[in-house]
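Data block below; observations after.
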Amino acid sequence: MAYIDESLSKGERIYKVFEFHWIIRFFLVLHVILCVTIIWIPVALYYWLTWKCTEQGVTNKRVIHKSGIISRKTDEMKLDAIEAIEINQGIWGRILGFGTLTIYGRGEGDVIMKWMANPVQAKRDIESADYQADED
């Protein structure tokens with residue numbers, strides 16, 4: 001129940017309730033859009049930059065995951081040190097064809113590659129990479 005209805009005295013009745021002009025709704029919607037834009041554009045830009053500045057791959061000697069926009073963080077593992085590769089895919093990952101690879105190795109930290117396209121093929125590619133020791 002609205003305040004006007006609640007505040008009526010004995011014998012008092014409402015003659016007319018005034019509505020706001022439609023332009024107010026327009027400005028409210030515009031305000032919401034601007035707030036969402038001001039908040040979400042920087043967030044989207046951050047995630048886009050994170051995505052563009054992340055590199056992951058396999059060479060003939062190692063698996064590499066590099067991330068960072070301004071700073072840099074790398075996870076690398078030699079191919080001969082790999083003990084296991086785990087694939088994690090949720091329901092959406094299975095449907096849309098993406099997932100996370102976790103590469104476990106001897107005495108080294110794990111290498112985690114997120115949002116991999118076709119993680120099963122990426123696992124095959126890592127396992128079939130020909131390891132070549134230094135030829136010094």
Taking Ile38 as the starting point, is it possible to reach Leu45 by hopping between hydrophobic residues whose side chains are less than 4.5 Å apart? no
First locate atom CD1 of Ile70, then atom SG of Cys53, and finally report the distance between them rounded to the nearest 0.5 Å. 9.0 Å
Distance (rounded to the nearest 0.5 Å) between Arg124 CZ and Ile85 CD1: 12.0 Å
Partners of Phe98 by ring pair (Phe, Tyr, Trp, His ring centres under 6.0 Å), sequence neighbours excluded? Trp115
Value for NZ (Lys61) from CG (Asp80), rounded to nearest 0.5 Å, stands at 11.0 Å
Any idea which heavy atoms bring Pro119 and Gly97 closest together, and the distance? CD-O, 4.1 Å
Spacing of OH belonging to Tyr104 relative to CD1 belonging to Ile112, to within rounding of 0.5 Å: 7.5 Å
Heavy atoms, side chains only, cut-off 4.5 Å: are Met77 and Ile82 in contact? yes
Is any side-chain heavy atom of Asp75 closer than 4.5 Å to one of Ile103? no
With sequence neighbours left out, the residues meeting side chain to side chain donor-acceptor pair (under 3.5 Å) with Glu83 are none
Contact summary for Lys114 and Gln56, nearest pair of heavy atoms: O-NE2, 3.5 Å
Going from NZ on Lys123 to CG on Leu101, what distance comes out if it is rounded to the nearest 0.5 angstrom? 9.0 Å
The reported gap from CZ in Arg62 to CG in Leu79 (rounded to nearest 0.5 angstrom) is 10.0 Å
What are the two closest heavy atoms between His65 and Thr54, and how far apart are they? NE2-CG2, 3.8 Å
Are Trp40 and Val43 side-chain neighbours, meaning at least one heavy-atom pair lies under 4.5 Å? yes
Within-4.5 Å side-chain heavy-atom neighbours: Ile33 and Val36: no
Would you say Leu30 has more than 12 foreign heavy atoms packed within less than 6.0 Å of its CG? yes
Looking at every non-hydrogen atom in both residues, tell me the closest pair between Asp110 and Gly105 and how far apart they are. OD1-N, 4.5 Å
Given the rule that I, L, V, M, F, W and Y join up when any side-chain heavy atoms are under 4.5 Å apart, are Val32 and Leu34 in one cluster? no
Are Tyr46 and Ile41 joined in one hydrophobic group, where the rule is that I, L, V, M, F, W and Y side chains link up if heavy atoms are under 4.5 Å apart? no
